[in-house]
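Note that the structure is predicted; figures quoted are calculated from it, not measured. Because only heavy atoms are used, hydrogens play no part in the values below, and waters and symmetry mates are left out as well, while side chains stay in.
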Amino acid sequence: MRFRRKKWLVFITSFFLFCFAAFPLSAFAEGENAAVDTGDTTWLLVSSALVMFMFMPGLALFYGGLVGQRNILSTVMYSLSSFVVVTLVWMLWGYSFAFGPGVGGIFGGFDFLGFQHVGPEAKDGLTIPHLIFAIYQGLFAAITTAIISGGVVERIRFSVWIVFSILWVTIVYAPMAFWTWGGGWLSKLGGLDFAGGTVVHILSGVSALTAALVVGKRRSFPHKTLPPHNLVFFLIGAMFLWFGWFGFNAGSALASGGLASVAFATTQIAGSAGGLVWIFIEWALRKKPTLVGGATGGIAGLVAITPAAGYVSVLSSVAIGGLASVVCYWALNVLKAKLQYDDTLDVFGVHGIGGIWGAIATGIFASKEVNPAGANGLLYGNPGQVATQAIDVLVAVLLAAIGTFVILKVISLFAPLRVTEEQEMSGLDISLHGENAYNTFEGMNSEMAPAPQSPFAATGAMAVHAGMKGV
Amino acid sequence: MRFRRKKWLVFITSFFLFCFAAFPLSAFAEGENAAVDTGDTTWLLVSSALVMFMFMPGLALFYGGLVGQRNILSTVMYSLSSFVVVTLVWMLWGYSFAFGPGVGGIFGGFDFLGFQHVGPEAKDGLTIPHLIFAIYQGLFAAITTAIISGGVVERIRFSVWIVFSILWVTIVYAPMAFWTWGGGWLSKLGGLDFAGGTVVHILSGVSALTAALVVGKRRSFPHKTLPPHNLVFFLIGAMFLWFGWFGFNAGSALASGGLASVAFATTQIAGSAGGLVWIFIEWALRKKPTLVGGATGGIAGLVAITPAAGYVSVLSSVAIGGLASVVCYWALNVLKAKLQYDDTLDVFGVHGIGGIWGAIATGIFASKEVNPAGANGLLYGNPGQVATQAIDVLVAVLLAAIGTFVILKVISLFAPLRVTEEQEMSGLDISLHGENAYNTFEGMNSEMAPAPQSPFAATGAMAVHAGMKGV
Amino acid sequence: MRFRRKKWLVFITSFFLFCFAAFPLSAFAEGENAAVDTGDTTWLLVSSALVMFMFMPGLALFYGGLVGQRNILSTVMYSLSSFVVVTLVWMLWGYSFAFGPGVGGIFGGFDFLGFQHVGPEAKDGLTIPHLIFAIYQGLFAAITTAIISGGVVERIRFSVWIVFSILWVTIVYAPMAFWTWGGGWLSKLGGLDFAGGTVVHILSGVSALTAALVVGKRRSFPHKTLPPHNLVFFLIGAMFLWFGWFGFNAGSALASGGLASVAFATTQIAGSAGGLVWIFIEWALRKKPTLVGGATGGIAGLVAITPAAGYVSVLSSVAIGGLASVVCYWALNVLKAKLQYDDTLDVFGVHGIGGIWGAIATGIFASKEVNPAGANGLLYGNPGQVATQAIDVLVAVLLAAIGTFVILKVISLFAPLRVTEEQEMSGLDISLHGENAYNTFEGMNSEMAPAPQSPFAATGAMAVHAGMKGV
Amino acid sequence: MKLLTIIIRPEKLSSVTAALHEIGINGMTISDVRGQGTQKGVRTIYRGVEYQTDFIMKNKIETAVSDDRYEQAIEAVMDAARTGEVGDGKIFVTDVVDAVRIRTGERGDSVL
Amino acid sequence: MKLLTIIIRPEKLSSVTAALHEIGINGMTISDVRGQGTQKGVRTIYRGVEYQTDFIMKNKIETAVSDDRYEQAIEAVMDAARTGEVGDGKIFVTDVVDAVRIRTGERGDSVL
Amino acid sequence: MKLLTIIIRPEKLSSVTAALHEIGINGMTISDVRGQGTQKGVRTIYRGVEYQTDFIMKNKIETAVSDDRYEQAIEAVMDAARTGEVGDGKIFVTDVVDAVRIRTGERGDSVL
Ligand SMILES: Nc1ncnc2c1ncn2[C@@H]1O[C@H](COP(=O)(O)OP(=O)(O)O)[C@@H](O)[C@H]1O
Ligand SMILES: Nc1ncnc2c1ncn2[C@@H]1O[C@H](COP(=O)(O)OP(=O)(O)O)[C@@H](O)[C@H]1O
Ligand SMILES: Nc1ncnc2c1ncn2[C@@H]1O[C@H](COP(=O)(O)OP(=O)(O)O)[C@@H](O)[C@H]1O
């Protein structure tokens with residue numbers, strides 16, 4: 001024990017030493033900032049904060065509200081751990097792999113390891129500091145990773161999840177980001193992905209399904225799963241996602257102005273169309289429109305507009321968002337029931353299917369009138385764009401499925417992927433994290449026991465822990 | 001059934017076809033963006049996101065925390081449905097009616113139907129893209145509509161609410177917006193309304209009272225209404241409102257800079273004065289200052305400063321905010337008790353009365369030293385401004401009362417306005433939406449029943465629904 | 001009674017008369033705005049809103065989730081009251097004392113009383129309106145004050161807290177802010193504090209400890225304190241803090257651009273390093289990483305990076321954030337257990353210790369390559385900077401400890417500092433504020449009693465209060 | 001003395017307590033419980049998955065009454081709680097062998 | 001008629017109710033309760049402070065059964081709820097002197 | 001064997017359980033309940049509307065004790081729970097005809 005603790009100390013210390021010593025600081029040498037525009041930079045600062053917010057606490061609550069109350073903290077911990085881990089991985093090597101100068105259109109290279117050469121000066125071709133661009137993209141990587149957890153909550157081991165996060169962002173996310181946005185081969189084919197239809201939603205949706213299949217079903221699935229424990233948290237989460245999505249989509253213009261405004265408008269409208277259509281579908285087919293449905297439809301619309309946000313007209317966004325609800329409703333209600341996979345929080349049904357529809361829809365509705373830097377789609381006389389988009393989709397699906405499968409199989413050689421039956425039964429909050437989310441038993445509000453001499457034995461007793469010594 | 005479903009499909013399909021085909025895209029033809037300022041645009045992008053946030057989840061939680069726990073989802077659904085419906089209505093025709101080039105100072109006209117001619121280029125006379133201006137105003141329209149629901153929650157039918165939303169925003173909100181902000185006749189009289197004292201708060205407050213009277217009291221009113229089920233949600237909602245109010249008020253400068261800063265400062269200070277005064281009133285009169293009181297006072301201060309935010313000095317904002325709490329406290333505690341109307345969440349008492357006070361106060365405290373584009377008020381030698389403001393108030397009150405009355409009476413010719421006694425008794429969450437917000441019974445966390453062969457009969461059993469087939 | 005009410009009216013009225021009459025409005029005379037930059041101004045508007053948000057509801061939930069459920073509203077009320085009170089105090093005199101032109105490097109003076117001469121024009125040397133600078137700083141003052149409440153929740157009297165807030169911000173915060181940021185003597189020594197390591201965190205942390213000692217322990221401490229009642233609220237609060245911290249740190253650049261981007265990046269990365277290290281420490285020492293731990297570690301990292309955010313490289317921020325978790329973990333688990341002080345929500349352990357580490361770390365890691373306006377630290381060949389930082393720390397510690405001690409001792413001459421045993425036992429929500437946060441007993445959802453003639457006697461009866469008359 | 005354990009629909013709680021008050025029974029203890037019986041549970045649907053719960057919200061009233069009053073109490077409860085639909089609930093009667101008022105130490109019927 | 005008061009682990013609730021259904025006992029009333037006994041409570045740690053709670057989540061089932069069936073019911077519950085670990089719970093049996101179905105006014109065993 | 005149903009103020013819960021532990025009674029089952037009786041409910045005011053609730057938070061302890069110990073248990077509870085103010089609560093005693101420990105199948109007094 002004593003030994004293990006020492007090892008930790010050595011590890012931590014050397015890590016920190018490394019941190020400030022190993023890399024040259026010349027990155028910051030030239031702080032000219034010639035081309036930095038304050039308005040654009042402010043928009044990216046805000047967008048970065050918004051993406052952080054849609055992730056934590058947004059995604060965490062969106063997911064947490066839908067799980068049983070004994071797994072809420074565990075669900076949040078998957079998100080929180082990805083948040084902190086991927087942020088660091090991104091800074092250390094992820095950004096370099098995804099947005100480095102690149103090696104043959106395939107791999108970003110090592111130039112930006114540890115955010116070397118990533119400083120306050122404007123990024124090439126943009127009017128915003130390189131550093132905020134890098135952080136903004138890092139938050140994309142982090143939330144994308146965390147979205148996957150929705151497929152495997154209530155059963156995957158916490159340590160496995162952390163290792164998975166590190167590997168996944170490195171060998172699945174970073175390559176796809178490089179290929180699509182970093183100047184890699186896919187972008188040269190002409191595929192359009194404004195804010196992450198393939199890179200974010202298809203990757204995460206397909207990876208979640210793959211992970212759900214590899215990790216296996218919850219023991220309670222399908223006949224005894226717990227109903228969502230708190231729909232108000234779910235709603236809050238959904239709306240935080242919506243709020244943050246403005247930073248996600250309109251921020252992807254990488255500047256303030258007309259294009260950001262277009263993306264903002266299409267986002268709001270596609271989300272609304274998605275929400276409304278889902279409400280109407282439920283009303284027509286089930287007589288009762290639900291809150292879960294309305295919010296899920298909104299998210300489906302937002303997912304679908306993501307790749308298209310800066311390429312399509314406002315009216316097209318109605319169609320994209322509205323039809324997203326139709327396909328996602330089908331996925332959740334028909335496909336899932338038929339195939340019986342346990343994608344716990346419907347990541348595949350919403351992000352996967354919605355993302356695929358969005359990517360294809362971009363090929364249908366894109367218009368150079370909206371964005372000259374884009375392309376025309378099917379409706380504007382260019383059916384080939386649909387094919388190009390289909391290639392993007394295919395690449396993303398394959399990369400996600402194979403990458404996730406391989407990562408999990410490799411991990412499973414070293415450790416079991418899922419918690420034990422007993423842990424699953426007692427709930428992961430207590431069994432993995434030793435905490436209860438809610439301590440609301442009124443009886444605990446009782447006065448001090450009259451026998452303070454035996455604090456540990458007394459009812460409801462609490463004792464100051466002996467600190468590090470006791471372990 | 002089969003037939004009805006087909007009809008839906010046809011309807012949805014033709015709607016979407018219409019969406020991307022019916023309107024010319026020439027709107028986006030000239031994307032010059034000559035006069036767009038990135039800093040101003042960023043501020044409007046952010047303000048739009050803030051207004052969205054104050055609405056969803058802000059308003060939804062503010063309201064939802066104050067209702068009984070069997071009506072929380074229903075309360076949220078009124079907001080969510082207005083959010084998505086009004087967004088679409090606004091894009092299709094609302095914006096055109098409210099901010100079109102206009103017909104005789106009365107009506108905005110049809111030029112901007114479907115956001116035609118509303119593109120990324122700067123809006124006339126402003127430095128921000130037309131599209132973000134339109135979306136920003138659309139979010140105002142949406143939240144204003146949703147505020148009304150506070151008067152009729154726990155009893156109005158969901159379908160009635162949706163129809164009401166569509167009609168109300170069209171025939172009450174859009175005209176008033178045009179008259180006040182779109183260049184219509186009221187603005188020509190010289191009335192001042194910086195961010196929506198009349199258009200937003202008086203309209204919604206008076207409409208809520210009217211609706212509460214037309215729809216009728218809850219069966220439980222006044223002797224058995226439910227106490228607020230979750231004041232933490234209420235507080236979160238109140239603070240989200242406050243946060244978003246910066247976008248609402250300071251964003252109404254329609255540019256960044258000095259005026260936005262003035263509006264930001266007056267907003268923060270009026271809200272603080274309102275909160276503090278209410279706390280002191282309760283302390284003096286009831287001995288115990290409450291959280292509900294403090295937060296309500298803050299909101300009252302924010303409501304009252306809304307029309308004045310960019311026209312008055314910081315010190316005036318103390319008076320406006322502080323006195324708002326005095327009049328609203330009176331409305332909630334004396335007026336309501338005397339008149340016995342069932343304005344469930346005190347929309348009239350806070351938004352109506354607070355808005356009237358704010359509109360009049362603008363006429364008292366406005367100063368050209370603060371904003372040369374404004375006017376001087378009573379205290380700066382121009383008593384006439386108070387009269388002008390009073391006309392604005394009168395118009396808003398009449399329009400809201402008559403418009404709401406007519407809309408609801410017309411709807412009631414086709415369908416009952418309120419839920420049945422039984423639905424009211426079982427709570428609207430289950431009876432209208434088939435959902436429970438909270439599933440926290442611990443017994444549900446039990447392991448799978450040993451008799452999986454009869455999943456539907458087993459205790460707590462859950463079954464994958466047969467999808468569309470089953471209905 | 002009648003008399004007291006009249007006194008109140010007179011007081012309120014004369015206060016408001018004073019407000020808009022007493023001060024000349026010439027402050028607003030020259031609204032030239034020559035040097036105002038829209039992008040920078042937008043960033044400060046946003047940052048102000050973010051700081052407001054991290055405070056309310058952020059801090060309120062962060063604290064509220066950790067207390068017992070009978071004290072949640074009371075905990076929130078400490079924050080809410082500081083929010084409104086300090087905003088007003090700041091406007092009336094606080095800003096002037098802290099950022100006035102100054103008297104001998106010691107005191108800011110009276111020039112800006114009531115925000116006189118604080119208008120929409122650019123602040124000297126900056127490109128943002130003076131008014132938004134003043135409001136931004138005011139929100140810093142307000143949240144700093146409220147942070148202190150974490151040391152004394154569940155026992156300090158509400159009225160004492162309000163008086164304490166007013167005095168503390170006047171005689172502790174304002175001087176320190178002037179000395180450090182307002183051009184006072186400390187800044188002349190060369191101490192670095194980018195966003196408030198000493199001014200915000202050390203002051204609040206040390207003051208909280210002092211207050212906890214002066215006020216005394218909770219009766220239930222340490223053997224019967226209540227476990228945190230809602231960790232989801234705690235998490236939401238923690239993440240709101242994180243989100244707002246971007247406005248806090250990156251906003252402290254007082255402009256958009258490269259420096260703000262650096263501060264944004266170091267903030268995100270230090271927070272992540274803090275969270276991750278805490279998780280690993282718990283894992284190593286206790287086997288179970290907790291959510292409370294992960295979030296606390298993140299906040300520790302954010303606290304520590306605050307003074308350094310704009311002076312250090314991204315890699316240094318990893319070390320600063322990560323080591324913050326080490327020292328704060330030690331403070332919470334070893335120091336607190338040993339010394340047995342009842343700093344209820346660990347303000348000293350997190351803000352105090354974290355802030356001290358951050359201030360010293362700034363002296364170690366600061367680099368002129370990152371920020372030419374800063375200084376080089378120990379690692380860049382300037383060991384003297386550590387000494388300078390140590391002086392800052394010492395001043396902050398002494399000022400906070402002595403100031404808080406004196407204020408509370410003076411107050412205690414006039415009134416008891418803490419609630420009675422009975423109030424503590426029944427919970428402060430009911431005993432101080434007359435409210436319950438949660439009304440979730442299902443039995444309350446019952447239909448109207450059949451005996452409406454005696455509404456007050458009937459079970460669960462509710463009666464419209466007779467308004468002001470009844471008291 | 002008898003202990004009545006009364007299971008009713010939550011929406012009838014205040015009617016029942018009022019009815020008991022009317023016949024002079026003021027002391028009782030109430031809890032939120034879940035019932036199973038002939039009545040079927042509600043079905044709720046989340047994202048296409050149907051959750052059928054057979055735990056139906058009920059309220060339980062426990063009240064100790066003297067031997068000569070308990071029939072009257074049963075009548076009162078039945079009148080106030082009955083809807084005629086399945087799920088109205090039950091009353092179970094058990095014997096109380098002793099009762100104490102903690103405040104005074106009194107025993108027996110005077111406790112009520 | 002007997003009233004069985006059954007204290008079990010929450011995770012065994014659905015097994016137990018299913019076991020009772022199997023022998024034809026469908027009526028019962030369930031609540032969330034906290035137990036104390038030989039079983040020790042969980043320790044949770046918040047920020048270095050250890051909270052040991054001796055209130056352990058349990059579920060209580062109250063079910064009235066006829067005199068001839070209650071032994072069978074006890075068997076069924078024991079089979080379904082037993083893990084062999086400390087904390088499995090208890091069954092207490094008390095006499096019911098009268099029972100009423102509120103909906104119909106029926107009395108006695110037909111109520112069940 | 002007797003079943004004690006003890007209704008007390010929530011703030012007295014830990015005193016009472018400690019008092020019972022002291023005399024060797026360790027097994028018990030506790031729930032959050034609402035009481036009505038002579039004690040009046042709190043009034044809370046929201047936005048000028050006064051809500052008076054006559055449901056007062058109480059805790060209920062159910063503990064089965066052997067016939068020779070129950071008087072002692074009553075004494076212990078009374079000492080620990082009494083404040084002398086209205087609302088201290090009640091103890092009701094009923095006969096237990098049988099008791100089972102699920103883990104072992106033991107019956108009778110050895111179950112306790
Ligand atoms: N044998 C029983 N023991 C205990 N509680 C019962 C029993 N039978 C029914 N209950 C309770 O009474 C409630 C109503 O019973 P149910 O059979 O659904 O309708 P009804 O009483 O109208 O016949 C149940 O939900 C349950 O709480
Ligand atoms: N004497 C008692 N009276 C009432 N309930 C009891 C009694 N003893 C135990 N219980 C309940 O039974 C549960 C299990 O008891 P415990 O002694 O921990 O384990 P076991 O039943 O396996 O011996 C307790 O948590 C408590 O709820
Ligand atoms: N007849 C009764 N049956 C069941 N519980 C009762 C009865 N009378 C009182 N109680 C319970 O005891 C609690 C205290 O009773 P109350 O009459 O208010 O004070 P006291 O016990 O001091 O006379 C009540 O809140 C209720 O929970």
Test A/Ser82 against A/Trp161 for side chain to side chain contact (heavy atoms under 4.5 Å, CB included), laying out the working first. CA-CA 8 Å; A/Ser82 296; A/Trp161 174 255; 3.0 Å; yes
Verdict with reasoning, C/Glu422 to C/Ser431, per side chain to side chain donor-acceptor pair (under 3.5 Å): CA-CA 9 Å; C/Glu422 205 198 304; C/Ser431 62; over 6 Å; no
Worked verdict on C/Trp283 versus A/Phe158 for ring-ring contact (aromatic ring centres under 6.0 Å, His included): CA-CA 11 Å; C/Trp283 217 335; A/Phe158 183 61; 5.3 Å; yes
Show your working on side chain to side chain donor-acceptor pair (under 3.5 Å) between C/Glu282 and C/Thr290 and close with a plain yes or no. CA-CA 7 Å; C/Glu282 285 190 340; C/Thr290 66; 2.8 Å; yes
Given salt bridge (Lys or Arg N to Asp or Glu O under 4.0 Å), test C/Glu424 with C/Arg219 step by step and report yes or no. CA-CA 8 Å; C/Glu424 205 171 328; C/Arg219 292 178 60 250; 5.4 Å; no
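Using a 4.5 Å cut-off between heavy atoms, C/Ile269 touches chain A through backbone and side chain atoms alike. Looking at A/Met91, only its side chain comes within 4.5 Å of chain C, counting heavy atoms on both sides. Neither the backbone nor the side chain of C/Trp245 comes within contact range of chain A; no heavy atom of the residue lies under 4.5 Å from a heavy atom of that chain. Of the two parts of A/Leu139, only the side chain, counted from C-beta on, holds a non-hydrogen atom closer than 4.5 Å to a non-hydrogen atom of chain C. Contacts between A/Ser74 and chain C at a heavy-atom distance below 4.5 Å are absent for every atom of the residue. Residue contact with chain A, scored on non-hydrogen atoms closer than 4.5 Å, involves the side chain of C/Phe246 exclusively. Proximity to chain C (any heavy atom under 4.5 Å) is shown, for A/Ser256, by neither the backbone nor the side chain. Of the atoms belonging to A/Leu61, it is side-chain heavy atoms, and not backbone ones, that fall under 4.5 Å from chain C.
Considering only heavy-atom pairs separated by less than 4.5 Å from chain C, the leading option among A/Leu73, A/Ile72, A/Leu432 is A/Leu432. Counting heavy-atom pairs closer than 4.5 Å to chain C, the top residue among A/Met56, A/His433, A/Glu435 is A/Glu435. Annotation: maximal heavy-atom pairing with chain C below 4.5 Å, among A/Asp40, A/Leu80, A/Asn436, A/Ile132, occurs at A/Ile132. Taking C/Gly275, C/Ala265, C/Gly427, C/Gly297 one by one and counting their heavy-atom pairs under 4.5 Å with chain A, the maximum is reached by C/Ala265. With chain C as the partner, the residue from A/Ser81, A/Ser48, A/Gly39, A/Gly138 showing the most heavy-atom pairs under 4.5 Å is A/Ser48. With chain A as partner, the option from C/Ile279, C/Thr41, C/Leu231, C/Asp37 having the largest number of non-hydrogen pairs under 4.5 angstrom is C/Leu231. When C/Ala295, C/Pro289, C/Gly294, C/Pro227 are compared by the number of non-hydrogen pairs under 4.5 Å with chain A, C/Pro289 comes out ahead.
Close approach to chain A, defined as a heavy atom under 4.5 Å from one of its heavy atoms, is seen in C/Phe233, C/Leu235, C/Ile236, C/Met239, C/Phe240 of residues 233-241 of chain C, taken by number.
The structure places NE2 of C/His229 at 12.5 Å from CZ of C/Arg70, a figure rounded to the nearest 0.5 Å.
Looking at residues two or more places apart in sequence or on another chain, you find no salt bridge (Lys or Arg N to Asp or Glu O under 4.0 Å) involving A/Asp429. With sequence neighbours left out, A/Ala134 forms a side-chain contact (heavy atoms from CB on, under 4.5 Å) with A/Tyr95, A/Phe115, A/Val118. Scored by the side-chain contact (heavy atoms from CB on, under 4.5 Å) test, A/Val46 finds A/Thr42, A/Trp43, A/Leu50, B/Val46, C/Trp43, C/Val46 as partners (sequence neighbours excluded).
Residue A/Val36 comes nearest to C/Gly257 through the heavy atom pair CG1-CA, 4.1 Å, listed as atom of the first residue, atom of the second, then distance. Closest of all the heavy-atom pairs between C/Ala250 and C/Ala260 is CB-O, 3.4 Å. Taking both residues in full, the closest heavy atoms of A/Ala49 and C/Phe264 are given as N-CZ, 3.6 Å, listed atom of the first, atom of the second, then distance.
C/Trp278 has its side chain within reach of C/Leu332: a pair of non-hydrogen atoms, C-beta onward, lies under 4.5 Å apart.
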